[in-house]
Amino acid sequence: MTLAERVFAGEARAIARAISLIEDESAAGAELVRAIYPRTGRAYLVGVTGPPGAGKSTLVDRLTTEVRKTGQTVGIVAVDPTSPFSGGAILGDRVRMGAHFGDAGVFIRSMATRGHLGGLARATSDVALVLDAAGKDIVMIETVGVGQDEVDIVRTADVSIVVLVPGTGDEVQALKAGIMEIADIFVVNKADRDGADRLVQSVSAMLSLQTFQPGDWRPPILKTEATSGVGVPELIDAIQKFRAHSEAMRGIRQRTRQEYRLRDLLSHRFMQLVEETLPAGELQRVVDGIAAREVDPYSAAADIMRRVGLSSAGAKTRP
Ligand SMILES: Nc1nc2c(ncn2[C@@H]2O[C@H](COP(=O)(O)OP(=O)(O)OP(=O)(O)O)[C@@H](O)[C@H]2O)c(=O)[nH]1
Ligand SMILES: [Mg+2]
(Lines give C-alpha, C1' and ligand atoms only; values in the text may rest on other atoms or scores of the structure.)
(Ligands and ions follow the chains in the order given, each with its own letter.)
Protein backbone atom coordinates (compact mmCIF):
# COMPACT_ATOMS: atom_id res chain seq x y z
CA MET A 1 0.00 0.00 0.00
CA THR A 2 1.18 3.52 -0.68
CA LEU A 3 1.57 5.97 2.18
CA ALA A 4 -1.55 7.84 0.99
CA GLU A 5 -3.56 4.64 1.06
CA ARG A 6 -2.38 3.91 4.56
CA VAL A 7 -3.37 7.44 5.58
CA PHE A 8 -6.84 6.88 4.08
CA ALA A 9 -7.04 3.70 6.14
CA GLY A 10 -6.42 5.84 9.21
CA GLU A 11 -3.19 4.10 10.21
CA ALA A 12 -1.62 6.11 13.03
CA ARG A 13 1.97 5.49 11.96
CA ALA A 14 1.21 6.50 8.40
CA ILE A 15 -0.48 9.68 9.64
CA ALA A 16 2.59 10.56 11.72
CA ARG A 17 4.90 9.82 8.80
CA ALA A 18 2.79 11.87 6.41
CA ILE A 19 2.82 14.84 8.76
CA SER A 20 6.61 14.74 9.06
CA LEU A 21 7.06 14.51 5.30
CA ILE A 22 4.91 17.58 4.72
CA GLU A 23 6.55 19.48 7.57
CA ASP A 24 9.98 18.86 6.11
CA GLU A 25 8.78 20.45 2.87
CA SER A 26 10.19 17.48 1.03
CA ALA A 27 9.21 16.59 -2.52
CA ALA A 28 7.62 13.45 -1.09
CA GLY A 29 5.51 15.67 1.14
CA ALA A 30 4.23 17.71 -1.80
CA GLU A 31 3.52 14.47 -3.67
CA LEU A 32 1.55 13.20 -0.69
CA VAL A 33 -0.53 16.35 -0.41
CA ARG A 34 -1.39 15.97 -4.08
CA ALA A 35 -2.48 12.39 -3.47
CA ILE A 36 -4.60 13.06 -0.41
CA TYR A 37 -6.09 16.44 -1.25
CA PRO A 38 -9.05 15.17 -3.28
CA ARG A 39 -10.10 13.11 -0.26
CA THR A 40 -10.19 16.04 2.17
CA GLY A 41 -12.89 18.53 3.10
CA ARG A 42 -15.01 16.07 5.04
CA ALA A 43 -13.77 16.69 8.59
CA TYR A 44 -15.46 19.30 10.73
CA LEU A 45 -12.83 21.66 12.12
CA VAL A 46 -13.33 22.84 15.66
CA GLY A 47 -10.98 25.64 16.72
CA VAL A 48 -10.42 26.20 20.42
CA THR A 49 -8.48 29.22 21.55
CA GLY A 50 -7.99 31.25 24.70
CA PRO A 51 -5.38 32.48 27.13
CA PRO A 52 -2.66 30.17 28.48
CA GLY A 53 -3.92 27.76 31.10
CA ALA A 54 -7.61 28.50 30.44
CA GLY A 55 -8.35 24.79 30.38
CA LYS A 56 -8.41 24.36 26.60
CA SER A 57 -6.71 20.95 26.61
CA THR A 58 -8.91 19.70 29.43
CA LEU A 59 -11.94 20.88 27.49
CA VAL A 60 -10.75 19.32 24.22
CA ASP A 61 -10.20 16.09 26.11
CA ARG A 62 -13.77 16.20 27.46
CA LEU A 63 -15.21 17.06 24.07
CA THR A 64 -13.29 14.15 22.58
CA THR A 65 -14.79 11.75 25.13
CA GLU A 66 -18.28 13.00 24.25
CA VAL A 67 -17.70 12.79 20.51
CA ARG A 68 -16.29 9.27 20.84
CA LYS A 69 -19.51 8.14 22.54
CA THR A 70 -21.29 8.81 19.25
CA GLY A 71 -18.76 6.65 17.41
CA GLN A 72 -17.25 9.54 15.48
CA THR A 73 -13.47 9.70 15.22
CA VAL A 74 -11.36 12.63 16.39
CA GLY A 75 -8.08 14.23 15.40
CA ILE A 76 -6.45 16.75 17.72
CA VAL A 77 -3.82 19.33 16.89
CA ALA A 78 -2.58 21.02 20.04
CA VAL A 79 -0.29 23.97 19.53
CA ASP A 80 1.67 24.19 22.74
CA PRO A 81 3.24 27.30 24.02
CA THR A 82 6.71 26.09 24.91
CA SER A 83 6.31 27.67 28.25
CA PRO A 84 9.40 28.11 30.37
CA PHE A 85 7.24 27.38 33.40
CA SER A 86 5.98 24.00 32.37
CA GLY A 87 8.90 23.13 30.13
CA GLY A 88 6.41 22.87 27.32
CA ALA A 89 2.95 21.49 27.77
CA ILE A 90 3.59 18.56 25.47
CA LEU A 91 4.07 16.14 28.31
CA GLY A 92 1.11 17.64 30.13
CA ASP A 93 -1.08 17.12 27.09
CA ARG A 94 0.01 13.53 26.83
CA VAL A 95 -0.88 12.99 30.43
CA ARG A 96 -4.23 14.71 30.19
CA MET A 97 -5.12 13.16 26.88
CA GLY A 98 -3.98 9.83 28.27
CA ALA A 99 -7.61 8.83 28.51
CA HIS A 100 -7.59 8.35 24.75
CA PHE A 101 -4.29 6.53 24.57
CA GLY A 102 -4.77 3.28 22.72
CA ASP A 103 -8.04 4.46 21.16
CA ALA A 104 -7.51 4.07 17.42
CA GLY A 105 -10.33 6.55 16.85
CA VAL A 106 -8.30 9.40 18.32
CA PHE A 107 -5.07 10.83 16.92
CA ILE A 108 -3.28 13.56 18.88
CA ARG A 109 -0.48 15.71 17.58
CA SER A 110 1.23 18.28 19.77
CA MET A 111 3.21 20.98 18.06
CA ALA A 112 5.59 23.53 19.46
CA THR A 113 4.90 27.15 18.66
CA ARG A 114 8.39 27.64 17.33
CA GLY A 115 10.64 25.91 14.87
CA HIS A 116 8.35 25.31 11.93
CA LEU A 117 9.98 25.73 8.59
CA GLY A 118 7.00 27.37 7.03
CA GLY A 119 5.29 28.96 9.99
CA LEU A 120 2.82 27.77 12.54
CA ALA A 121 -0.37 28.36 10.58
CA ARG A 122 0.83 26.26 7.67
CA ALA A 123 2.14 23.47 9.88
CA THR A 124 -1.20 23.36 11.68
CA SER A 125 -3.30 23.25 8.54
CA ASP A 126 -1.06 20.54 7.12
CA VAL A 127 -1.71 18.36 10.15
CA ALA A 128 -5.44 19.09 9.92
CA LEU A 129 -5.37 18.15 6.24
CA VAL A 130 -3.76 14.78 6.94
CA LEU A 131 -6.22 14.05 9.76
CA ASP A 132 -9.06 14.99 7.44
CA ALA A 133 -7.76 12.61 4.76
CA ALA A 134 -7.37 9.94 7.43
CA GLY A 135 -11.13 10.09 7.87
CA LYS A 136 -11.32 11.79 11.25
CA ASP A 137 -14.85 13.13 11.55
CA ILE A 138 -13.93 15.94 13.90
CA VAL A 139 -10.59 17.72 13.94
CA MET A 140 -9.97 19.92 16.96
CA ILE A 141 -7.30 22.57 16.87
CA GLU A 142 -6.15 24.06 20.15
CA THR A 143 -4.10 27.24 20.10
CA VAL A 144 -3.24 29.85 22.67
CA GLY A 145 -4.93 33.03 21.58
CA VAL A 146 -1.99 35.31 21.96
CA GLY A 147 -0.50 35.84 18.53
CA GLN A 148 -2.00 36.72 15.17
CA ASP A 149 -0.89 33.37 13.81
CA GLU A 150 -2.77 31.48 16.48
CA VAL A 151 -5.85 33.61 16.07
CA ASP A 152 -5.83 33.13 12.29
CA ILE A 153 -5.64 29.38 12.67
CA VAL A 154 -8.81 29.27 14.72
CA ARG A 155 -10.60 32.01 12.81
CA THR A 156 -10.87 29.86 9.72
CA ALA A 157 -12.04 26.71 11.51
CA ASP A 158 -15.63 25.62 10.87
CA VAL A 159 -16.50 26.68 14.40
CA SER A 160 -14.38 28.90 16.65
CA ILE A 161 -14.61 28.50 20.39
CA VAL A 162 -13.07 31.14 22.62
CA VAL A 163 -12.32 29.99 26.16
CA LEU A 164 -12.07 32.57 28.94
CA VAL A 165 -11.48 32.20 32.67
CA PRO A 166 -12.82 34.33 35.47
CA GLY A 167 -10.67 36.52 37.62
CA THR A 168 -7.61 36.90 35.44
CA GLY A 169 -8.42 39.98 33.43
CA ASP A 170 -8.57 37.77 30.36
CA GLU A 171 -11.39 39.77 28.89
CA VAL A 172 -9.07 42.69 28.39
CA GLN A 173 -6.25 40.52 27.08
CA ALA A 174 -8.56 38.71 24.71
CA LEU A 175 -9.95 41.97 23.42
CA LYS A 176 -6.43 43.17 22.76
CA ALA A 177 -5.51 40.03 20.87
CA GLY A 178 -8.66 40.40 18.81
CA ILE A 179 -9.96 37.00 19.70
CA MET A 180 -13.37 38.18 20.86
CA GLU A 181 -14.50 38.92 17.30
CA ILE A 182 -13.73 35.45 16.06
CA ALA A 183 -15.90 33.60 18.59
CA ASP A 184 -18.86 31.57 17.40
CA ILE A 185 -19.19 30.25 20.93
CA PHE A 186 -17.84 31.71 24.17
CA VAL A 187 -16.90 29.39 26.98
CA VAL A 188 -16.33 30.65 30.50
CA ASN A 189 -14.33 27.77 31.90
CA LYS A 190 -13.36 27.21 35.54
CA ALA A 191 -16.90 28.21 36.37
CA ASP A 192 -16.25 26.70 39.80
CA ARG A 193 -14.23 29.83 40.50
CA ASP A 194 -15.50 33.16 41.74
CA GLY A 195 -16.38 35.71 39.14
CA ALA A 196 -17.71 33.35 36.46
CA ASP A 197 -21.08 35.08 36.34
CA ARG A 198 -19.44 38.47 36.26
CA LEU A 199 -17.36 37.39 33.29
CA VAL A 200 -20.46 36.03 31.52
CA GLN A 201 -22.07 39.41 32.07
CA SER A 202 -19.16 41.39 30.71
CA VAL A 203 -18.95 39.24 27.59
CA SER A 204 -22.70 39.59 27.21
CA ALA A 205 -22.44 43.35 27.60
CA MET A 206 -19.78 43.40 24.94
CA LEU A 207 -21.98 41.36 22.59
CA SER A 208 -24.90 43.68 23.14
CA LEU A 209 -22.87 46.44 21.54
CA GLN A 210 -23.00 44.54 18.28
CA THR A 211 -26.05 44.51 16.09
CA PHE A 212 -27.38 41.14 15.05
CA GLN A 213 -29.81 40.88 12.17
CA PRO A 214 -32.66 38.40 12.41
CA GLY A 215 -31.23 35.05 11.42
CA ASP A 216 -27.69 36.02 12.46
CA TRP A 217 -25.90 33.71 14.82
CA ARG A 218 -25.51 35.29 18.21
CA PRO A 219 -22.58 33.64 20.00
CA PRO A 220 -23.82 31.90 23.14
CA ILE A 221 -21.84 32.23 26.37
CA LEU A 222 -21.55 28.91 28.17
CA LYS A 223 -20.14 28.09 31.57
CA THR A 224 -18.05 24.94 31.93
CA GLU A 225 -15.92 23.12 34.46
CA ALA A 226 -13.64 21.17 32.20
CA THR A 227 -12.09 19.22 35.06
CA SER A 228 -15.43 17.76 36.16
CA GLY A 229 -17.20 17.90 32.82
CA VAL A 230 -19.99 20.19 34.00
CA GLY A 231 -21.41 22.12 31.04
CA VAL A 232 -19.67 20.01 28.42
CA PRO A 233 -22.87 18.39 27.06
CA GLU A 234 -24.28 21.92 26.65
CA LEU A 235 -21.17 22.90 24.74
CA ILE A 236 -21.57 19.91 22.42
CA ASP A 237 -25.14 21.03 21.95
CA ALA A 238 -24.07 24.56 21.05
CA ILE A 239 -21.53 23.23 18.54
CA GLN A 240 -24.24 21.15 16.89
CA LYS A 241 -26.62 24.10 16.79
CA PHE A 242 -23.93 26.27 15.23
CA ARG A 243 -23.12 23.56 12.75
CA ALA A 244 -26.73 23.30 11.66
CA HIS A 245 -27.09 27.07 11.56
CA SER A 246 -23.95 27.61 9.50
CA GLU A 247 -24.19 24.65 7.13
CA ALA A 248 -24.97 26.93 4.23
CA MET A 249 -22.08 29.20 5.19
CA ARG A 250 -19.56 26.44 5.59
CA GLY A 251 -18.44 26.63 2.00
CA ILE A 252 -17.55 30.27 2.51
CA ARG A 253 -15.42 29.44 5.56
CA GLN A 254 -13.69 26.67 3.68
CA ARG A 255 -12.97 29.06 0.86
CA THR A 256 -11.59 31.66 3.25
CA ARG A 257 -9.41 28.95 4.73
CA GLN A 258 -8.18 27.90 1.31
CA GLU A 259 -7.50 31.45 0.23
CA TYR A 260 -5.61 32.13 3.45
CA ARG A 261 -3.59 28.99 2.86
CA LEU A 262 -2.79 29.79 -0.75
CA ARG A 263 -1.72 33.34 0.05
CA ASP A 264 0.38 32.11 2.95
CA LEU A 265 2.03 29.47 0.78
CA LEU A 266 2.75 31.97 -1.98
CA SER A 267 4.38 34.45 0.42
CA HIS A 268 6.45 31.65 1.85
CA ARG A 269 7.53 30.40 -1.59
CA PHE A 270 8.34 33.93 -2.66
CA MET A 271 10.61 34.48 0.34
CA GLN A 272 12.26 31.14 -0.36
CA LEU A 273 12.88 32.31 -3.92
CA VAL A 274 14.36 35.56 -2.65
CA GLU A 275 16.65 33.77 -0.26
CA GLU A 276 17.77 31.33 -2.94
CA THR A 277 18.38 34.04 -5.49
CA LEU A 278 20.23 36.61 -3.43
CA PRO A 279 23.78 35.83 -2.37
CA ALA A 280 24.18 34.83 1.27
CA GLY A 281 23.88 37.79 3.60
CA GLU A 282 22.58 40.06 0.85
CA LEU A 283 19.13 40.46 2.37
CA GLN A 284 20.74 41.62 5.62
CA ARG A 285 22.89 44.11 3.70
CA VAL A 286 19.78 45.53 2.07
CA VAL A 287 18.22 45.88 5.51
CA ASP A 288 21.37 47.66 6.71
CA GLY A 289 21.07 50.02 3.77
CA ILE A 290 17.45 50.78 4.64
CA ALA A 291 18.36 51.32 8.28
CA ALA A 292 21.14 53.70 7.24
CA ARG A 293 18.65 55.59 5.04
CA GLU A 294 20.77 54.83 1.97
CA VAL A 295 17.84 53.25 0.22
CA ASP A 296 14.11 53.38 0.92
CA PRO A 297 12.16 50.16 1.51
CA TYR A 298 10.02 50.56 -1.62
CA SER A 299 12.99 50.87 -3.92
CA ALA A 300 14.71 47.99 -2.14
CA ALA A 301 11.64 45.77 -2.59
CA ALA A 302 11.34 46.74 -6.27
CA ASP A 303 15.02 45.95 -6.77
CA ILE A 304 14.68 42.52 -5.16
CA MET A 305 11.60 41.76 -7.27
CA ARG A 306 13.61 42.56 -10.37
CA ARG A 307 16.52 40.41 -9.24
CA VAL A 308 14.36 37.36 -8.68
CA GLY A 309 13.07 37.82 -12.20
CA LEU A 310 9.76 39.43 -11.41
CA SER A 311 9.25 42.80 -12.96
CA SER A 312 7.64 45.11 -10.49
CA ALA A 313 5.40 46.42 -13.26
CA GLY A 314 2.47 44.41 -11.98
CA ALA A 315 3.11 45.28 -8.35
CA LYS A 316 1.88 48.40 -6.72
CA THR A 317 4.89 50.58 -6.13
CA ARG A 318 2.78 53.33 -4.65
CA PRO A 319 3.03 53.44 -0.83
N1 LIG B 1 -10.66 24.75 38.88
C2 LIG B 1 -10.65 24.38 37.63
N3 LIG B 1 -9.49 24.06 37.05
C4 LIG B 1 -9.49 23.71 35.75
C5 LIG B 1 -10.68 23.66 34.99
N6 LIG B 1 -10.36 23.30 33.72
C7 LIG B 1 -9.03 23.12 33.71
N8 LIG B 1 -8.50 23.35 34.92
C9 LIG B 1 -7.08 23.27 35.31
O10 LIG B 1 -6.37 24.32 34.73
C11 LIG B 1 -5.05 23.92 34.39
C12 LIG B 1 -4.75 24.22 32.95
O13 LIG B 1 -5.56 23.37 32.14
P14 LIG B 1 -5.20 23.06 30.62
O15 LIG B 1 -6.29 22.23 30.10
O16 LIG B 1 -3.81 22.57 30.50
O17 LIG B 1 -5.25 24.52 30.03
P18 LIG B 1 -4.79 24.98 28.58
O19 LIG B 1 -5.63 26.15 28.26
O20 LIG B 1 -4.80 23.85 27.64
O21 LIG B 1 -3.30 25.42 28.88
P22 LIG B 1 -2.16 25.79 27.78
O23 LIG B 1 -2.32 24.84 26.62
O24 LIG B 1 -0.89 25.59 28.51
O25 LIG B 1 -2.43 27.20 27.41
C26 LIG B 1 -4.95 22.44 34.74
O27 LIG B 1 -4.35 22.30 35.99
C28 LIG B 1 -6.41 22.01 34.77
O29 LIG B 1 -6.63 20.91 35.62
C30 LIG B 1 -11.91 24.00 35.63
O31 LIG B 1 -12.99 24.00 35.05
N32 LIG B 1 -11.83 24.35 36.94
MG1 LIG C 1 -3.24 23.10 26.32
Side-chain angles (χ1 to χ4, degrees), residues 45-67 74-101 106-116 120-121 123-124 127-128 138-154 157 160-171 173-174 176-177 179-180 182-183 185-200 203 221-236 238:
L45 263 59
V46 178
V48 178
T49 193
K56 300 177 295 295
S57 297
T58 317
L59 206 57
V60 164
D61 180 44
R62 288 276 173 191
L63 288 172
T64 301
T65 305
E66 291 300 313
V67 170
V74 178
I76 300 169
V77 193
V79 179
D80 283 301
T82 20
S83 151
F85 307 107
S86 62
I90 293 175
L91 182 62
D93 268 326
R94 282 217 190 108
V95 172
R96 280 194 294 279
M97 304 274 187
H100 307 292
F101 187 77
V106 179
F107 185 96
I108 303 168
R109 174 77 173 211
S110 279
M111 328 219 306
T113 25
R114 282 188 201 89
H116 296 285
L120 182 64
T124 309
V127 177
I138 308 286
V139 171
M140 299 198 218
I141 303 174
E142 174 195 334
T143 74
V144 178
V146 286
Q148 192 54 50
D149 238 20
E150 283 88 339
V151 172
D152 280 339
I153 292 166
V154 169
S160 308
I161 301 173
V162 169
V163 184
L164 302 169
V165 228
T168 50
D170 286 338
E171 314 92 285
Q173 274 178 31
K176 273 195 201 143
I179 66 173
M180 301 303 264
I182 66 162
I185 297 171
F186 284 102
V187 168
V188 171
N189 189 43
K190 307 199 186 183
D192 49 310
R193 285 195 187 166
D194 284 345
D197 290 321
R198 208 164 46 240
L199 179 52
V200 170
V203 176
I221 311 160
L222 305 172
K223 286 195 288 184
T224 59
E225 290 175 35
T227 31
S228 68
V230 170
V232 173
E234 288 79 359
L235 175 56
I236 293 271

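One-based numbering, in listed order, for ligands and for the atoms of each.
For ligand 1, none of its N or O atoms has an N or O atom of Ala191 under 3.5 Å away. Checking only distances, Pro52 never comes within under 3.5 Å of ligand 1, N or O to N or O. Taking only nitrogen or oxygen atoms, main chain and side chain alike, Val144 does not reach within less than 3.5 Å of ligand 1.
Looking at Thr58 and Thr227, their side chains never bring a donor and an acceptor atom within 3.5 Å of each other.
With a 4.0 Å heavy-atom cut-off, ligand 1 is reached by the backbone of Thr58 and by its side chain too.
Listed by atom number, the atoms of ligand 1 under 4.0 Å from Glu225 heavy atoms are 31 (O). Taking a cut-off of under 4.0 Å to the non-hydrogen atoms of Ser57, the atoms of ligand 1 that pass are 15 (O), 18 (P), 20 (O). Close contacts of ligand 1 with Glu142, meaning ligand atoms under 4.0 Å from a residue heavy atom, involve 20 (O), 23 (O). Near Asn189, meaning under 4.0 Å from one of its heavy atoms, ligand 1 places the atoms 5 (C), 6 (N), 7 (C), 31 (O). Taking every non-hydrogen atom of Ala226 and a distance limit under 4.0 Å, the qualifying atoms of ligand 1 come out as 6 (N), 30 (C), 31 (O).
A pairwise comparison of heavy atoms in Val232 and Thr224 identifies N-CG2, 4.4 Å as the closest pair. A pairwise comparison of heavy atoms in Met140 and Val60 identifies SD-CG1, 3.9 Å as the closest pair. Nearest approach of Arg193 to Pro166, heavy atoms of both residues: NH1-O, 3.8 Å.
When each of Leu199, Val188, Val162, Ile185 is tested with Ile221 by the rule side chain to side chain contact (heavy atoms under 4.5 Å, CB included), just one qualifies, namely Val188.
Metal site remark for the Mg ion (ligand 2): Ser57 contributes an N, O or S atom at a distance under 2.8 Å.
Glu142 has its closest N, O or S atom to the Mg ion (ligand 2) at the position named OE2.
Within the structure, ligand 1 lacks Arg193 among the residues with a heavy atom less than 4.0 angstrom away.
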Would Thr65 and His100 satisfy side chain to side chain contact (heavy atoms under 4.5 Å, CB included), going step by step from the backbone distance to the final call? CA-CA 8 Å; Thr65 305; His100 307 292; 3.3 Å; yes
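Residues satisfying the salt bridge (charged side-chain N to carboxylate O under 4.0 Å, His left out) test with Glu66, not counting sequence neighbours, are Lys69. Every residue two or more places apart in sequence or in another chain that forms a salt bridge (charged side-chain N to carboxylate O under 4.0 Å, His left out) with Asp197 is listed here: Lys223.
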